[in-house]
Engineer: 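This is the structure I have questions about; it appears just below.
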Amino acid sequence: MQNSKSTEEIAFGIRRRVFEHSIHNNGGYLSQACSAAEQLAWLYNEELNLGEPTLPMIPKPFGGVPSAENTGYHTGAGYNGPFEPDLDRLFIAPAHYALVAYATLIETGRMAPEGLDMFNKDGSSVEMIGAEHSPGMEVHNGTLGIGLSTAAGLAWGRKKRGEKGKVWVYMSDGEVQEGQTWEAIQACAHHKIDNVKAIMDVNRQQCDGAMGSVMEVGDIGRKMEEFGAKVVWVDAHNLDEIRDAAKTPHRGKPLIILANSSPFRGMPSLQLRFPRLHYVRFKSEQERADMNRDIAKSLGIDPIDYKH
C-alpha cells in the first residue's frame, strides 16, 4: 500500500491531528505525538510491508470480548492489513500511544478521520488506552512490558514456519522498568529470534513524571546488549539515522533501535508543563487558549476554533 505523502509530511500531520484533537477535547497525549511522530510515520510509510486494511475505514463499535458465540470478533490489526506469510506484523506496546497511533492510521490512509471522533466514547472500539480491538492494535498491551514478549513469540513461530514477513515492535522507554522486557530480550538471544525488531521512543517520560524521578534505569543500551540484543542509538527526529539503523546486521539477535526523542518537538510551549507531560489536560480556559495560540504558531498553522 503506497502513500503519496512523504514521511516528513505524515509526521507533521500526526502532530497537527493530535494537537487539534487535544484542543477540541481539552486535553490529550501531546508529548507522545511530539516524540513519536517520525518513528511511527517511518514505520507505516517506509519500513513495514503491509497489505490493504481488512476493516472498515470508519471503525465499528466495540463488538464484545472473544467467545465461541461472538463469531464476528476481530482485533484491530486488520487496519494493518491481512495476516499473510510475506507481510509484516506490528505490535504497538505502549497502549497509551493510541491517539498518536490512530492519527498515524489516518495520515497513511488506513482509517477515516471520522474514526477519531469516536475516541474515548462509550461503546467505541477507538479506546483511549488501546485494546486488542482498537484500530491498529493486535493484542492488548495495557500492561507495559508485554509487547516485546508477544512479538518474540510470534516471530519465533514465523521463523519455524519459514515465513518471510518481519515482526516489528513499537516501544516506550518506561517499559524498561518492567522485568518482562529484559526476559524477552534474553529469550530472543537464547533462541536466536532475529526476525524481530523494535524501535523504542526514549523520551524519558512516564505517567508520574520524568523517569529519573520515578525509577532511575541507568544505561539501557549497555544493559540490552548484555542481555543479548543488538542496539543502535539514533536521533528520533532524524529519519536518515532511523533508516540506516534498521539496516544494521543482527544475526542471531533481536535489533533494538533506541530513538532519543524530545517530548516537546514541534510544541516547545509544552515545556511549561514539565515534568507532568503524560496526559496534558488544560488547567484553565486561559491555558487552553494560550496553548492553542502558541502551539499553532510553532506548527505554522492557524489556531483551532474550538469554541465552535
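Predicted model, so just to flag it, every value in this text is computed and none were measured.
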Engineer: So, are Arg15 and Glu38 salt-bridged, with charged N and O less than 4.0 Å apart?
Structural biologist: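 Salt bridge: yes.
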Engineer: For atom CG of Asp86, is the number of surrounding heavy atoms from other residues, nucleotides or ligands below 6.0 Å larger than 12?
Structural biologist: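 Yes, CG of Asp86 has more than 12 neighbouring heavy atoms, counting only those of other groups under 6.0 Å.
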Engineer: More than 12 heavy atoms of other residues, nucleotides or ligands under 6.0 Å from NZ of Lys230: is that the case?
Structural biologist: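 Counting other residues, nucleotides and ligands, NZ of Lys230 stays at 12 neighbours or fewer.
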Engineer: Can you tell me if Lys164 uses its side chain to pair, donor with acceptor, with the backbone of Leu87 under 3.5 Å?
Structural biologist: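 Absent.
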Engineer: Keeping Ser124 on the side-chain end and Asn120 on the backbone end, is there a donor-acceptor pair under 3.5 Å?
Structural biologist: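 No; zero donor-acceptor contacts below 3.5 Å.
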Engineer: Using a distance-only test with no angle check, is there a side-chain donor-acceptor pair under 3.5 angstrom linking Gln39 and His237?
Structural biologist: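 Side chains of Gln39 and His237: no pair found under 3.5 Å.
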Engineer: Transitively linked via ILVMFWY side-chain contacts under 4.5 Å: Leu55 with Ile58?
Structural biologist: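 Yes, Leu55 and Ile58 fall within the same hydrophobic cluster.
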Engineer: Determine whether a donor-acceptor pair (N or O, by modelled atom type, separation under 3.5 Å) exists between the side chain of Glu175 and the backbone of Ser172.
Structural biologist: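 The answer is yes, because a donor-acceptor pair under 3.5 Å joins these two groups.
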Engineer: If you define the side chain from C-beta out and look only at heavy atoms, does anything of Met224 sit under 4.5 Å from Leu258?
Structural biologist: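 SC-SC contact between Met224 and Leu258 confirmed.
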Engineer: Quick check against the 3.5 Å criterion: does Ser134 have a side-chain atom that pairs as donor or acceptor with the backbone of Met137?
Structural biologist: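 No, Ser134 side chain to Met137 backbone: no donor-acceptor pair under 3.5 Å.
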Engineer: Can you tell me how far apart CG (Leu43) and CG (Leu50) are? Round to the nearest 0.5 Å.
Structural biologist: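 If I round to the nearest 0.5 Å, the distance is 9.0 Å.
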Engineer: Between Thr7 and Tyr44, is there a side-chain heavy-atom distance shorter than 4.5 Å?
Structural biologist: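 Not touching, per the 4.5 Å side-chain cut-off.
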Engineer: Could you tell me whether a side-chain N or O of Asp88 sits under 3.5 Å from a main-chain N or O of Trp168, the two making a donor and an acceptor?
Structural biologist: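 Not a single qualifying donor-acceptor pair exists.
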Engineer: Check whether Glu225 reaches the backbone of Arg222 with its side chain - one donor and one acceptor, N or O, closer than 3.5 Å.
Structural biologist: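 No: the side chain of Glu225 does not pair with the backbone of Arg222.
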Engineer: Taking everything shown except Trp233 itself, do over 12 heavy atoms lie less than 6.0 Å from its CH2?
Structural biologist: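 Yes.
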Engineer: Any donor and acceptor pair, going by atom type alone, linking the side chain of Asp173 with main-chain N or O of Arg204 inside 3.5 Å?
Structural biologist: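 Yes, the answer is positive, given that a donor and an acceptor are paired below the 3.5 Å cut-off.
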Engineer: Decide whether Met57 and Ile14 are clustered together by the hydrophobic rule: side chain heavy atoms of Ile, Leu, Val, Met, Phe, Trp, Tyr closer than 4.5 Å, transitively.
Structural biologist: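 No, Met57 does not connect to Ile14 through the hydrophobic network.
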Engineer: With a 4.5 Å cut-off on side-chain heavy atoms, are Asn238 and Ile242 touching?
Structural biologist: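 No, too far: nothing below the 4.5 Å cut-off.
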Engineer: So, are Lys297 and Asp294 salt-bridged, with charged N and O less than 4.0 Å apart?
Structural biologist: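 Looking at Lys297 and Asp294, the cut-off is not met.
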Engineer: If hydrophobic clusters are built by linking Ile, Leu, Val, Met, Phe, Trp and Tyr wherever their side-chain heavy atoms come under 4.5 Å apart, do Val139 and Phe83 end up in the same one?
Structural biologist: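 As far as the 4.5 Å side-chain criterion goes, Phe83 and Val139 are not connected within one cluster.
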Engineer: Taking C-beta and beyond as the side chain, do Lys253 and Asp194 meet within less than 4.5 Å on heavy atoms?
Structural biologist: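 Counting from C-beta outward, Lys253 and Asp194 never come under 4.5 Å.
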Engineer: If you round to the nearest 0.5 Å, how far is CG of Asn25 from CZ of Arg281?
Structural biologist: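 With rounding to 0.5 Å, CZ (Arg281) is 8.5 Å from CG (Asn25).
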Engineer: Okay, side chain of Glu107, backbone of Thr104: is any donor-acceptor separation there less than 3.5 Å?
Structural biologist: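 No, Glu107 side chain to Thr104 backbone: no donor-acceptor pair under 3.5 Å.
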Engineer: Tell me whether the rings of His133 and Phe62 are parallel (<30°), tilted (30 to 60°) or perpendicular (>60°).
Structural biologist: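 Tilted: the ring planes of His133 and Phe62 meet at 30° to 60°.
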Engineer: Which pairs would a plain distance check flag for residues 112-119, meaning a side-chain donor or acceptor within less than 3.5 Å of a matching protein atom at least two apart in sequence or in another chain?
Structural biologist:
none

Engineer: Could you tell me if the ring centre of Tyr170 sits under 6.0 Å from that of Phe91?
Structural biologist: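 Ring centres of Phe91 and Tyr170 not closer than 6.0 Å.
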Engineer: Taking the basic N atoms (NZ, or NE/NH1/NH2) and the acidic carboxylate oxygens, is any pair closer than 4.0 Å for Arg16 and Glu20?
Structural biologist: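 Salt bridge flag = yes for Glu20 with Arg16.
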Engineer: Tell me, do Met200 and Val169 make a side-chain contact under 4.5 Å, heavy atoms counted?
Structural biologist: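 Result no, sub-4.5 Å side-chain heavy-atom pair not found.
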Engineer: Calculate, to the nearest 0.5 Å, the distance between atoms CZ and OG belonging to Phe264 and Ser35 respectively.
Structural biologist: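 Phe264 CZ to Ser35 OG: 10.5 Å, rounded to 0.5 Å.
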Engineer: Following the transitive rule for hydrophobic clusters with a side-chain heavy-atom cut-off under 4.5 Å over Ile, Leu, Val, Met, Phe, Trp and Tyr, establish whether Tyr306 and Met267 coincide in one cluster.
Structural biologist: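 As far as the 4.5 Å side-chain criterion goes, Met267 and Tyr306 are connected within one cluster.
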Engineer: Can you find a pair of side-chain heavy atoms, one from Glu138 and one from Arg89, that are under 4.5 Å apart?
Structural biologist: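 Yes, their side chains come closer than 4.5 Å.
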Engineer: Under 3.5 Å, side chain of Lys5 to main-chain N/O of Gly13, donor-acceptor pair present?
Structural biologist: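 A pair under 3.5 Å: no.
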Engineer: Which atom pairs, one a donor and one an acceptor, fall under 3.5 Å between side chains of residues 92-101 and the rest of the protein, sequence neighbours left out?
Structural biologist:
residue : atom : partner : partner atom : Å
Tyr97   : OH   : Asp201  : OD2          : 2.7
Tyr97   : OH   : Asn203  : ND2          : 3.4

Engineer: Can you sort out the partners of Phe282 under side chain to side chain contact (heavy atoms under 4.5 Å, CB included), two or more places apart, ordered by chain and number?
Structural biologist: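 So Phe282 forms a side chain to side chain contact (heavy atoms under 4.5 Å, CB included) with Ile23, Asn26, Leu30, Val280, Glu287, Arg288, Met291.
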Engineer: Do you see a donor-acceptor pair shorter than 3.5 Å between the side chains of Gln180 and Ser149?
Structural biologist: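 Distance-only check passes for Gln180 and Ser149.
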Engineer: Are any non-hydrogen side-chain atoms of Arg158 and Trp156 less than 4.5 angstrom apart?
Structural biologist: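 Counting from C-beta outward, Arg158 and Trp156 never come under 4.5 Å.
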Engineer: Does Ile129 offer a backbone N or O that forms a donor-acceptor pair with the side chain of Glu127 under 3.5 Å?
Structural biologist: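 Not a single qualifying donor-acceptor pair exists.
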Engineer: Tell me which one of Met215, His278, Gln177 satisfies side chain to side chain contact (heavy atoms under 4.5 Å, CB included) with Gln206.
Structural biologist: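 Testing each of Met215, His278, Gln177 against Gln206, the sole residue satisfying side chain to side chain contact (heavy atoms under 4.5 Å, CB included) is Gln177.
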Engineer: Contact between Leu148 and Ile185 at the side-chain level, heavy atoms closer than 4.5 Å - yes or no?
Structural biologist: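 SC-SC contact between Leu148 and Ile185 confirmed.
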Engineer: What heavy-atom pair brings Ser261 and Pro263 nearest, and what distance separates the two atoms?
Structural biologist: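 For Ser261 and Pro263, the tightest heavy-atom pair comes out as O-CD, 4.0 Å.
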Engineer: How many angstroms lie between atom CZ of Arg265 and atom CG of Leu270, to the nearest 0.5 angstrom?
Structural biologist: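 Answer rounded to 0.5 Å: 14.0 Å.
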